Protein chains: 2
Amino acid sequence: MADSKPRRGRPAGGRAVLTRERIVTAAVAMVEELGLDAVTMRGLARRLNVDTMSLYHHVDNRETLLNQVTEVVLANIELPPATGVFRDDVHAMAIAFRRVVLRYPHCAPLVLTRQLGSFTALAPVEAVLSIIRAAGFPPDRAVHVMRSVLAYLIGTLLREVSASPTFSGQNLGGVERRRTELTDSTLPHVAESAPYLAVCDHEEEFEFGLDLLITAVELQRQRQ
Amino acid sequence: MADSKPRRGRPAGGRAVLTRERIVTAAVAMVEELGLDAVTMRGLARRLNVDTMSLYHHVDNRETLLNQVTEVVLANIELPPATGVFRDDVHAMAIAFRRVVLRYPHCAPLVLTRQLGSFTALAPVEAVLSIIRAAGFPPDRAVHVMRSVLAYLIGTLLREVSASPTFSGQNLGGVERRRTELTDSTLPHVAESAPYLAVCDHEEEFEFGLDLLITAVELQRQRQ
DNA sequence: ACCTGAACACCGTTCAAGT
DNA sequence: ACCTGAACACCGTTCAAGT
């Protein structure tokens, strides 16, 4: 009983409890459970049953910890094998990217926003470049094409993960309210399209724009 | 001299010093000067020579204040007059959007990320829908097309405003270092495209992807 | 080498008190 | 009606001290 208050210093005789990996894994789980803003160094330490300051022996600071969170998510992309059919391969890559983003929706803003130069972050870039090069584009144009597709993916996925569930079609009362708001907006085209603006089938939307882009790229390849 | 310490309560006899508009305008300027994270309620109050808590009489909280910042920026889009030529009109709208985003680069993440349903936020939507409807698309497809273009714009502009100046081509030493990093990445296509991946002419990139999308949309209109 | 406590310099926001 | 001070419950991070 005399000894029950917390010790100071490293636990006697034990091996290191904390590792960078354990911290980052806990951070990913915590982001998904509580959201990005709710993940604090103090809260994360609490969850790991460790003093806040112990974290700083394994990670530099919160910002770089979030970079490492981003990397973990990125590493979970399951890169599909290439078939050689341009349209199919681009589509499969896009789907793989969407899948991992939707698997970690609260981490998604990190993945879609931070541009990292690490090997993990470059692996998907390599895969996409490979597909575009195989379609016959020279290296410089391949980069342009990749950046265009990537920009579209980032924009559409950012909308998807930050959209309210109402917008996706659940909660029909919300959709109804939204629709009448748009109808009453005094903006004629907004009013006219209100039923379509009030909801968003994210998958359909994703496929629509992706198809547009792929079609345009195929066309450009033929003409070149 | 006896009277020089700060008073409590509203300044005697004066009219209200603080207005919602004055606060929001100061917030926009402060975001651009110091960056988003550096804008705190306390700092903003200091800048306005006012007690922190006085702000709360005019704005609900920091989150909604940032929504109002977003609206101010959005209100500064100069919507171009339509010519009736689909390609030109979409292009002009995209350029107008890019211009306002680059005019407030530190506010840009707000504009590109928050989806607001206000009249100010719907005005550009109305303009884009009008262009697409004029090209002969029915209301439902017009919404799809708009969302595709918007997704692309958001993605490409988010990259542009958050890219380091090195990436844009300034600082040739940085570009050089980046290029050799990519070349040494052991990823063959990344290495091959290294000179193009190491830099980014944002305007050229913007135009490339936009042209792809517009071309694809024009094609779809003809086929339909 | 690794862990910890106290301390520093901040936050956003509530609430009662002033004029 | 509008402004303010003190107070509450938090932050990230430095630094010296422990084992």
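Fair warning: this is a prediction, and the values are worked out from it, not measured in the lab. Excluded from the calculations below are hydrogen atoms, water molecules and symmetry mates; all remaining heavy atoms, backbone and side chain alike, are included.
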To the nearest Å, how far apart are A/Glu63 CD and D/dG12 C1'?
11 Å

Between D/dA9 and C/dA9, how far is it from one P atom to the other, in whole Å?
22 Å

Length of the line joining B/Leu18:CG and D/dC3:C1', which is rounded to integer Å
9 Å

Across the strands shown, which category fits B/Arg42 at heavy-atom distances under 4.0 angstrom: base, sugar-phosphate, nothing?
base

DNA chain C: B/Arg62 or A/Asp51, which has the more 5' nearest nucleotide?
A/Asp51

Using the six-membered ring wherever Trp is involved, compare the ring planes of B/Tyr152 and B/Phe206 and label them parallel, tilted or perpendicular (cut-offs 30° and 60°).
tilted

Rounded distance (Å) that lies between atom P of D/dG12 and atom CG of A/Leu55
10 Å

Starting from the C-alpha separation in whole Å, work towards a yes-or-no answer on side-chain hydrogen bond (donor to acceptor under 3.5 Å, both in side chains) for A/His202 and A/Ser168.
CA-CA 7 Å; A/His202 294 295; A/Ser168 314; 3.3 Å; yes

Given that both distances must come in under 3.5 Å, which nucleotide forms a Watson-Crick or G-U wobble pair with C/dT13?
D/dA7

Mate of D/dA1 where both pairing distances stay under 3.5 Å, Watson-Crick or G-U:
C/dT19

Nearest-Å distance for atom pair OH/P, residues A/Tyr56 and D/dC11
11 Å

A/Met41 CE - D/dC10 C1' separation (whole Å):
16 Å

One thing to verify: whether A/Glu176 and A/Arg179 come together as a salt bridge, which I'm taking to mean a side-chain N less than 4.0 angstrom from a carboxylate O.
yes

Flag the pair A/Asn76 / A/Arg103 as yes when at least one side-chain heavy-atom distance between them is below 4.5 Å, and no otherwise.
yes

The side chain of A/Thr40 is closest to which nucleotide in this list: D/dC3, D/dG5, D/dG12?
D/dG12

Check: A/Arg46 and A/Met41 side chains under 4.5 Å, non-hydrogen atoms:
no

Integer-rounded Å distance: D/dG12 P and A/Asp37 CG
11 Å

OP1 or OP2 of C/dC3 under 4.0 Å from side-chain N/O of A/His58:
yes

May I ask you to establish whether B/Arg147 and A/Phe208 are in a cation-pi arrangement, using a distance under 6.0 Å from NZ or CZ to the six-membered ring centre and at most 45° from the ring axis?
no

Mind checking B/Ser54 for me? I need base, sugar-phosphate or nothing, with any heavy atom below 4.0 Å counting as a touch.
base

Lys/Arg N to Asp/Glu carboxylate O, B/Arg133 vs B/Glu126, below 4.0 Å
no

Enter the distance from A/Leu48:CG to A/Met30:CE here, rounded to the nearest 0.5 Å.
8.5 Å

Let's see if you get this right: which residues in residues 26-36 of chain A place a heavy atom under 4.0 Å from DNA chain C?
none

What is the distance, to the nearest angstrom, from the CE atom on A/Met53 to the C1' atom on D/dA17?
15 Å

Using whole Å, what does the distance between atom C1' of nucleotide C/dT13 and atom CG of B/Leu44 come to?
15 Å

Between D/dT13, C/dG12, C/dT14, which one does the side chain of A/Thr52 approach most closely?
D/dT13

Please determine whether any donor N or O and acceptor N or O are separated by less than 3.5 Å between the side chain of B/His57 and the base of D/dC3.
yes

